[in-house]
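All remarks here apply to the structure that follows.
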Number of protein chains: 2
Amino acid sequence: MDHDQIRAVREFSRFYTNIIGLLNQHLPESPFTLPEARILYELNQHQPCTASHLLESLSMDRGYLSRIVAQFEKKKIIARKRSKEDGRAYFLSLTATGKKMFARLDAATHRQVETLLKPMTEAQRKKLLHHMGEIRTLFIQHQADNGK
Amino acid sequence: MDHDQIRAVREFSRFYTNIIGLLNQHLPESPFTLPEARILYELNQHQPCTASHLLESLSMDRGYLSRIVAQFEKKKIIARKRSKEDGRAYFLSLTATGKKMFARLDAATHRQVETLLKPMTEAQRKKLLHHMGEIRTLFIQHQADNGK
DNA sequence: CCAAATGGTTGACAAAGTCAACTAAATGAC
DNA sequence: GTCATTTAGTTGACTTTGTCAACCATTTGG
């Protein structure tokens, strides 16, 4: 393995971290913090789900997650329902209020990326997606292999 | 612009954030925190440089940067020399001690990425680099255009 | 039955980060 | 030259993000 290959991957990671940073630095038009937004997003994708699921998906600390979830419940953004199968666990889901708030955030984040991509031609955007997909595939293949 | 394109870019960003997260979550074998490591890395790349340079390059808060720099100076990791041209500014550089500490961190981070790439064949690694380079080029072209 | 593990909560704290006010130096207008 | 404004960096006070240990209730496994 070539030293330069490692360096190139590290440079790309730094580069893309900056791209992501620009997107994340100011969550658009939203009362939510980044950790909160991440939770909402994951909930919207997988609901109902348990706190444990969020813990693993988001690699968050259980203490911090617990607090944010409690705040969300207090603000009626999420609802909790004790699991019938396991008395220790709760299923979390977005309330109607929560869904509306999430939708607003989602749309605004969408517009951010749109702005980022706008200067590209359609052909360039297609190329971008192609390269992104390929990178993802390369990594996922090996996660699958390593998971065995 | 296609809604699906935006969604795909966002998915890739989330995906790659996880990759980066795995690399960043535990800075290997190092007493340095992530913000500290970022400063060291930037200093190693561009030294001597001013605090203002670090501020801009790293998008850090001037207050926080000032504190970290002060700690580094206290620990003899960096040295400061007042600029002759501008009495308000200091040029920062790594001491010999700082360079050694950075080299250790750099090598360990290098090994982390190596471990990440190890499961890929040489051909796959070359493909990965190719796609990363292309993505970067696509974004950079438009930063250059937008900067005009 | 009971020890160990697990889902989630809470207390206490540290690290990361923010913003305002400040000092000293530089810049620009008059 | 004077003075108002800007800038490089520092410091105080605070918030946000995150951590870890201890805890309680429930489940699991020997």
Side-chain angles (χ1 to χ4, degrees), chain A residues 17-18 20-22 24-27 30-43 46-75 78-93, chain B residues 17-18 20-22 24-27 30-43 46-75 77-93 105:
Chain A
T17 294
N18 283 334
I20 291 166
L22 291 177
N24 285 344
Q25 214 157 11
H26 306 291
L27 278 185
S30 170
F32 296 119
T33 64
L34 183 57
E36 286 171 340
R38 291 179 67 221
I39 291 168
L40 289 181
Y41 195 86
E42 187 61 30
L43 255 191
H46 302 100
Q47 74 173 338
C49 74
T50 60
S52 290
H53 169 86
L54 293 177
L55 266 192
E56 283 162 25
S57 294
L58 301 174
S59 298
M60 280 182 90
D61 177 76
R62 64 174 64 253
Y64 194 41
L65 177 65
S66 186
R67 284 192 226 287
I68 295 178
V69 166
Q71 284 179 4
F72 277 173
E73 194 181 11
K74 191 172 178 179
K75 293 178 183 174
I78 67 168
R80 307 203 300 169
K81 187 169 183 181
R82 179 160 286 198
S83 165
K84 288 198 171 109
E85 287 79 31
D86 183 341
R88 303 167 301 185
Y90 292 85
F91 283 111
L92 310 173
S93 54
Chain B
T17 294
N18 282 336
I20 290 167
L22 290 176
N24 286 342
Q25 212 156 13
H26 305 290
L27 280 184
S30 171
F32 297 119
T33 64
L34 183 58
E36 287 172 340
R38 290 179 69 219
I39 291 168
L40 288 180
Y41 195 85
E42 186 61 31
L43 254 192
H46 302 99
Q47 73 173 337
C49 73
T50 62
S52 290
H53 170 86
L54 293 177
L55 265 191
E56 284 162 24
S57 295
L58 301 175
S59 299
M60 279 183 92
D61 177 77
R62 61 174 64 252
Y64 194 41
L65 177 65
S66 186
R67 282 191 227 286
I68 295 178
V69 167
Q71 284 178 5
F72 276 172
E73 194 181 11
K74 190 170 178 180
K75 293 177 183 172
I77 295 173
I78 67 170
R80 306 203 300 170
K81 186 171 184 180
R82 178 163 286 201
S83 163
K84 287 198 171 107
E85 287 77 31
D86 184 342
R88 304 165 298 182
Y90 292 86
F91 283 110
L92 310 172
S93 53
L105 171 61

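Chain A is the first sequence line, chain B the second, and so forth, proteins listed ahead of strands; every chain is numbered from 1. Because the structure is predicted, anything quoted here is derived from the model rather than measured.
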>> Taking the side chain as everything from C-beta on, heavy atoms only, tell me whether B:Met60 gets closer than 4.5 Å to B:Pro35.
In response: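 Yes, close enough: below the 4.5 Å cut-off.
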
> Does any non-hydrogen side-chain atom of A:Phe32 lie less than 4.5 Å from one of A:Phe72?
Replying inline: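 A side-chain contact under 4.5 Å exists here.
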
> CZ/B:Arg62 to OG/B:Ser52 distance, rounded to the nearest 0.5 angstrom?
Replying inline: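 These two atoms lie 6.0 Å from each other.
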
Which whole-number value in Å describes the distance from [X] [atom1] to [N] [atom2]?
X	N	atom1	atom2	value
B:Leu54	D:dA8	CG	P	13 Å
B:Leu92	D:dT10	CG	C1'	13 Å
A:Ile68	D:dT16	CD1	C1'	10 Å
B:Leu34	C:dA15	CG	P	14 Å
B:Gln71	C:dA14	CD	P	14 Å

>> Base, sugar-phosphate or nothing for B:Arg82? Non-hydrogen atoms, less than 4.0 Å.
In response: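 Sugar-phosphate only.
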
>> Within the 4.0 Å limit for protein heavy atoms, which parts of nucleotides 3-12 of chain C are touched? Write it as a string from 5' to 3', B for base, S for sugar-phosphate only, - for none.
In response: --BBSBBBBB

>> Show, in sequence, the C-alpha distance, side-chain angles and deciding distance for B:Ser93 and B:Leu43, and conclude whether the side-chain contact (heavy atoms from CB on, under 4.5 Å) test is met.
In response: CA-CA 7 Å; B:Ser93 53; B:Leu43 254 192; 5.6 Å; no

> Counting distance only, does the side-chain N/O of A:Arg80 pair as donor-acceptor with the main-chain N or O of A:Glu73 below 3.5 Å?
Replying inline: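 The answer is no, because no donor-acceptor pair under 3.5 Å joins these two groups.
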
> Where each residue is assigned the nucleotide of DNA chain D containing its nearest heavy atom, which of A:Lys84 and A:Glu36 is assigned the position nearer the 5′ end?
Replying inline: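 Taking each residue's closest nucleotide, the earlier one in sequence belongs to A:Glu36.
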
>> With each end axis built from five pairs of C1' atoms, what bend angle do you get for the helix from C:dC1-D:dG30 to C:dC30-D:dG1? Round to 10°.
In response: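 That helix gives 30° between its end axes.
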
>> Which residue in the set B:Leu54, B:Thr50, B:Ile39 passes side-chain contact (heavy atoms from CB on, under 4.5 Å) when paired with B:Leu92?
In response: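 With B:Leu92 as partner, B:Leu54, B:Thr50, B:Ile39 yield a single side-chain contact (heavy atoms from CB on, under 4.5 Å), made by B:Leu54.
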
>> Under the rule for side chain to side chain donor-acceptor pair (under 3.5 Å), what residues qualify as partners of A:Gln71, not counting sequence neighbours?
In response: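 Testing A:Gln71 for side chain to side chain donor-acceptor pair (under 3.5 Å), a comparison that skips the adjacent residues, returns none.
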
> Do B:Ile78 and B:Gln47 pass the side-chain contact (heavy atoms from CB on, under 4.5 Å) test, and can you show the C-alpha distance, the side-chain angles, and the key distance before you say yes or no?
Replying inline: CA-CA 11 Å; B:Ile78 67 170; B:Gln47 73 173 337; over 6 Å; no

